[in-house]
Amino acid sequence: KAFSSADNDDNPLYVQQPTGFEDPQYAACLLLAPLEGTRQAGYQYMTTNTNTLVSIGFEQSSCEPNFFRKRYADGPTVYLAIYVDIMLVRYPRGSRAVVDEFLADYAKRFNISIVGEPTRFLGYEITRDRDKRTMLLRQTRYIED
């Protein structure tokens, strides 16, 4: 689903006509949106995602292209870590309103689902203890598999 929400303007992509839908007048079909499984789809999605985040005030990290931050004038800084269509949002305590504002802006461009606090990400198991203000990252399942 993520790739189909990307822009297809800069790199038009043509595909063979599907079996049963051939029209001899045309040699190929122009895709209106990137198609998952094509080589360009991931690039087009990340380009669209990056452009969207930059347009709403986020800075892309110079050493990690999937890491973004935005410093708000009233103090909080919001950090984003992205892997394909999964986004982790890190923000300071008491700044939820700022994050809700960001998510509303972001949802204008992409279909999003907010699933809550992560328990797994990129093979890591994530355990938080808010009272002790600790976070534990483990790769037990990765090691055992």
- Met135 and Thr127, any side-chain heavy atoms less than 4.5 Å apart: no

- Query: Where do Arg96 and Glu101 land on the salt bridge (charged side-chain N to carboxylate O under 4.0 Å, His left out) test, with the steps shown first?
  - Reply: CA-CA 9 Å; Arg96 181 60 200 215; Glu101 179 185 320; over 6 Å; no

- Flag the pair Glu125 / Thr119 as yes when at least one side-chain heavy-atom distance between them is below 4.5 Å, and no otherwise. no

- Item | Side-chain donor/acceptor of Gln60 to backbone N/O of Pro65, under 3.5 Å | yes

- Item | Whether Tyr79 and Phe67 hold their rings parallel, tilted or perpendicular, with breakpoints at 30° and 60° | parallel

- Query: In Å, rounded to the nearest 0.5 Å, how long is the span from OH of Tyr83 to CG of Leu88?
  - Reply: 12.5 Å

- Between Arg130 and Arg93 the two heavy atoms that sit nearest each other are O-NH2, 4.3 Å

- Minimum heavy-atom distance between Lys70 and Ile56, given as atom pair plus value: NZ-O, 2.7 Å

- Ile112 to Leu103 - nearest heavy-atom pair and separation: CD1-O, 3.8 Å

- When clusters are formed by joining ILVMFWY residues with side-chain heavy atoms under 4.5 Å apart, either directly or through shared neighbours, do Met87 and Ile114 land in the same one? yes

- Look at the side chain of Gln17 and the backbone N and O of Asp23, then say whether any donor-acceptor pair between them is shorter than 3.5 Å. yes

- Note on the structure: Heavy-atom nearest pair, Tyr45 first then Val84, reads CE2-O, 3.1 Å

- Message: Looking only at the aromatic ring of each residue, does the gap between the centers of Phe102 and Phe58 stay below 6.0 angstrom?
- Response: yes

- Message: Before you tell me yes or no, could you show the steps for Val78 and Arg69 under side-chain contact (heavy atoms from CB on, under 4.5 Å), namely the whole-Å CA-CA distance, both residues' side-chain angles and the distance that decides it to 0.1 Å?
- Response: CA-CA 6 Å; Val78 175; Arg69 77 170 177 208; over 6 Å; no

- Spatial distance of atom CG (Leu80) from atom OH (Tyr106) [nearest 0.5 Å]: 8.5 Å

- Task: With side-chain contact (heavy atoms from CB on, under 4.5 Å) as the test, would you mind laying out the steps for Asn49 and Ile82 before giving the verdict?
- Result: CA-CA 10 Å; Asn49 194 33; Ile82 300 172; 3.5 Å; yes

- Side chains of Thr52 and Phe110 in contact at under 4.5 Å (non-hydrogen atoms): yes

- Compare all side-chain heavy atoms of Arg109 with those of Thr48 and state whether any distance is below 4.5 angstrom. yes

- Task: Please check if the side chain of Ser95 supplies one atom and the backbone of Pro92 the other of a donor-acceptor pair under 3.5 Å.
- Result: yes

- Item | 4.5 Å side-chain heavy-atom contact, Asn66 and Met46 | yes

